[in-house]
Amino acid sequence: MKHVNWPWTIGFVIALAIGSAAATLLGNYWLFLFTGAVIAAIALKGIGLVAGRAGMIALSQMAFAGIGAWTVAYLNVWQVPGTLFLWVPIGGLVAVPFGIAIALPALRLRGIHFAIVTLGFAAAFDSILAATTFPGQTQFIQVPRPPGFTSVPMYFYFVVAVYAVISIALDIVSRTPLGASWVGIKHSERGTAAHGVSVAWSKLTAFAIAAFVSGVSGGLLAGQLQTLVSDSFNIMVSLIYYAVTVMAGAHLAEGALIGGMLIIFFPELMRRLNLPQDIGNIAFALGATQALSMGGSIAADLRGGLRRLRRKVGIRPKTYPEVMRKAGQITPPPVAEGARSVLSIKGLGVKYGQVVALDNVDVEVPEGAVIGLIGPNGAGKSTLIDAVTGFLPSYQGAITLDGGKLDGLDAHKRARAGLRRTWQTTRIPAELTVGSYLNMAARRGLAPAEMDEILQWIGCPHPSTPIATVDVGTRRLLDVAGVVAARPKIVLLDEPAAGQSYEESLFLAQRITEIPEKFGASVVLVEHDIDMVRKACNSIYVLDFGRVIAAGPPAVALEDPDVVRAYVGAVEEETAA
Amino acid sequence: MLSLDVTSILAGLPAGGAYALLGVCLVFTYRLVAVVNFTGAAIGAVGTFTLVLLHEHGFPLWPGVGLGLIAGMLAAIVLGLVMVTWFSEAPAQTKAAVTVALLVGIVAIGLRVTGGQHPRPFPDLIPGPAFTIAGVVITKAAVATIGLAIAFAGAATLFLNNTRTGLQLRALSERPTTAELLGMRTRVLSIGVWAVAGIATTLALMLIAPQRPPNFMTLSLLVVPAFAAALIGFFRSFWLTLVGGLALGMIEGFTASIDELQQFRGTVPFLIILAVLLWSQRNERWDEAR
């Protein structure tokens with residue numbers, strides 16, 4: 001179980017147990033409120049997953065909770081055996097298909113359209129609730145609490161236990177490559193798909209799990225209130241929960257709990273101060289606006305403060321011994337005579353409207369080789385990579401990887417087939433740690449030894465380092481670490497040395513020449529740094545205006561008169577004239 | 001049977017006119033200041049309830065309408081100030097999220113000031129029927145709403161395509177900083193857009209309010225059918241949005257007339273939103289989609 005963070009889990013359970021025991025001392029009145037706060041925290045976890053991690057504006061979470069509550073009320077009226085122990089999870093499951101249905105348009109959409117869809121769903125659910133009543137409501141049939149947990153304190157413990165189970169489960173999932181991909185799609189859908197993640201699947205799972213969690217919270221609320229009213233699930237509540245999610249940072253474990261407390265205790269505080277209770281909602285609106293303008297949240301600020309505090313008291317983050325990013329002798333990798341072709345591009349053509357970006361381009365990448373792809377700006381280098389990796393809607397020609405046809409495959413399927421790429425600008429989500437990013441890129445949990453080896457090989461920081469604290473130059477190295485960690489057949493590196501110093505790019509060049517032997521992948525290197533290309537590549541292709549104008553070993557191709565002209569302009573003609 | 005259908009469909013026209021006008025306002029703010037505005041009905045509710053409260057206290061009707069319009073305009077200006085002060089360079093999604101947060105605040109204040117979900121009587125601004133077709137009495141208010149929607153859509157189209165200020169505003173919505181560097185008075189222009197949208201929204205709500213469950217929340221949520229209309233216009237075309245709003249109202253009128261469907265009348269905007277998005281976004285991929 002390498003995805004379980006044992007110190008965190010044990011600490012969390014102990015803290016929860018102590019907190020619950022302490023809350024018991026306060027008496028039933030307060031305990032009832034605390035029960036509500038924990039249930040609200042569960043609902044917030046659902047929104048946090050979609051809004052905080054996957055970056056969508058989700059405005060119908062209480063409708064999902066309402067579906068969960070509705071289901072529980074029906075199961076109760078029908079006298080289905082199993083009590084709340086069984087009804088609550090069933091309520092969660094019933095909410096799942098609704099979550100998926102809402103997610104379907106969102107597979108292609110992002111934030112704003114999703115916000116409109118969810119608001120529409122919440123309004124539709126409201127109108128149906130207004131036209132009907134909860135099952136058993138008119139006959140005054142109460143939802144019984146589960147046997148053994150009927151008293152206020154016992155039901156409180158029950159709710160806390162459910163909260164603990166959901167928190168730990170979500171924490172485990174968030175450490176898997178799937179969980180990391182949720183953060184990935186928020187940051188860049190292309191970047192995530194390039195790691196072989198199906199963006200559609202990633203979104204669907206996020207919504208399905210979020211709907212389940214919200215449905216569970218609705219079922220628990222049915223047990224707490226015992227008589228349901230539609231006002232608990234109306235659209236205003238959904239909107240308030242979204243505002244609190246943003247304000248508190250509900251995708252973080254403590255953020256959800258803080259948010260739940262705010263939702264329940266802020267109105268209580270106002271009541272005790274003889275102030276109107278809905279002042280809380282105004283405060284949440286302002287808090288969310290403030291959080292949006294600062295780009296933080298209560299929980300994120302607390303974590304930042306804690307990190308600074310740890311540094312101040314001398315607890316240093318884990319690091320590797322310093323790696324000197326200095327290169328020795330750089331030689332291209334040895335390639336066997338007559339080595340077979342790993343990547344074969346034949347007759348590749350791409351048009352953007354009337355503009356011909358690539359015209360009948362042939363490229364062969366032999367096994368174990370580093371192939372350079374150079375050319376002036378606008379020559380079509382990045383277009384070539386986009387076409388090969390599946391990020392263009394269409395192209396002409398045939399591309400095969402290790403003999404298998406790639407044409408027509410989606411980007412993530414090409415990545416899974418063993419074709420990985422990096423981007424000109426780094427697309428690493430800043431919310432992840434170095435280690436979780438590497439796991440996401442590799443699409444598996446790397447063994448600690450393997451992770452250490454890759455990171456130290458290229459001079460990246462310790463896996464526990466938050467990427468937010470890593471400088472941009474190092475992030476570019478991490479890009480390379482990510483693609484090789486997946487052990488693909490071929491990696492396409494799009495200007496990996498951009499923004500690096502001269503020494504650093506030579507160091508990187510040396511590491512790139514080691515990739516075939518160390519990771520079994522051939523390399524296509526797109527670069528402007530001619531020196532780097534000359535030293536690291538077995539052979540190069542020179543593109544200009546979408547055509548290959550020269551190909552061969554660097555020493556030969558770079559001396560080609562066409563290449564010189566493409567780079568330096570019409571110098572020769574001028575001197576001749 | 002046919003006449004019954006026509007009757008119920010036409011009965012949806014007044015609502016359709018309001019959706020159309022609100023939808024056109026949403027497209028207006030999106031195209032000119034690049035904000036998808038979830039408070040697109042709530043700011044109008046502010047103005048409308050100003051009128052209602054004044055009227056209840058014996059204030060004469062038409063001066064009350066004037067003050068209500070000013071209140072709606074001021075609410076929109078405050079919103080605009082928040083946007084240009086703190087979020088002018090923020091991504092579109094963040095701006096939308098801000099309007100969601102502010103919607104919570106506006107509704108909370110609105111419900112508090114107007115006494116919660118308690119219904120309040122609305123004055124009919126333009127009482128009486130205009131004419132009768134197919135046995136359906138079309139009210140003057142309905143004619144006025146639809147007329148306003150057409151006028152606003154036409155004026156907005158002309159303004160954007162044929163005036164210098166319209167061109168500047170389009171530049172502003174796409175590249176605020178560049179526009180500012182070119183010497184445009186971006187703040188003033190943006191606030192002006194918000195003010196106009198606030199007035200038009202308030203007018204739409206004042207006209208439709210007497211036919212709705214009259215509380216602040218319900219009126220603020222008219223933004224949902226307005227979004228459906230704006231999506232039919234792809235958040236670009238004022239005329240398509242207008243047609244979309246009217247069509248939406250008529251579909252609602254039709255579903256209200258069928259007993260089995262009546263209960264689900266409120267889901268019509270949602271289903272239309274879903275259908276339009278699935279259709280219009282069928283080719284969109286990757287990060288480029290909104």
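It should be emphasised that the depicted structure is a prediction, and the values quoted were computed from it without experimental measurement. Quick note: numbers below take in every heavy atom, side chains included, and nothing from hydrogens, waters or symmetry partners.
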Subject >> salt bridge (Lys or Arg N to Asp or Glu O under 4.0 Å) against Arg271(A), all qualifying residues, sequence neighbours excluded >> reply: Glu268(A)
Could you look at [X] and say if it's the side chain, the backbone, both or neither that has a heavy atom under 4.5 Å from chain A?
X: Val223(B); result: side chain
X: Ala97(B); result: both
X: Val98(B); result: both
X: Ile106(B); result: neither

Original post:
So, do Met62(A) and Phe125(A) sit near enough that their side-chain heavy atoms are less than 4.5 Å apart?
Top reply: no
Subject >> Trp194(B) side chain reached by Met83(B) side chain, heavy atoms, under 4.5 Å >> reply: yes
Original post:
Once the angle between the rings of Phe28(B) and Phe238(B) is folded into 0 to 90°, is it parallel (under 30°), tilted (30 to 60°) or perpendicular (over 60°)?
Top reply: tilted
**OP:** Output yes when Arg427(A) and Glu189(A) qualify as a salt bridge under the 4.0 Å nitrogen-oxygen rule, no when they do not.
**Re:** no
**OP:** Select, from Ile235(A), Thr132(A), Thr192(A), Ile240(A), the one with the greatest count of heavy-atom pairs under 4.5 Å involving chain B.
**Re:** Ile235(A)
Original post:
Can you tell which of Ser293(A), Ala243(A), Ala130(A), Ala131(A) has the highest number of heavy-atom pairs within less than 4.5 Å of chain B?
Top reply: Ser293(A)
Could you list the donor-acceptor pairs under 3.5 angstrom formed between side-chain atoms of residues 278-290 of chain A and any protein atom two or more places apart in sequence or on another chain?
unit_1	atom_1	unit_2	atom_2	d
Asp278(A)	OD1	Arg112(B)	NE	2.8
Asp278(A)	OD1	Arg112(B)	NH2	3.4
Asp278(A)	OD2	Arg112(B)	NE	3.3
Asp278(A)	OD2	Arg112(B)	NH2	3.4
Thr289(A)	OG1	Ala285(A)	O	2.7

Original post:
chain B heavy atoms under 4.5 Å from Phe121(A): which part of the residue, side chain, backbone, both or neither?
Top reply: both
**OP:** Heavy atoms only, distances under 4.5 angstrom: which of Val104(B), Val268(B), Thr99(B) has the most pairs with chain A? Name it, please.
**Re:** Val104(B)
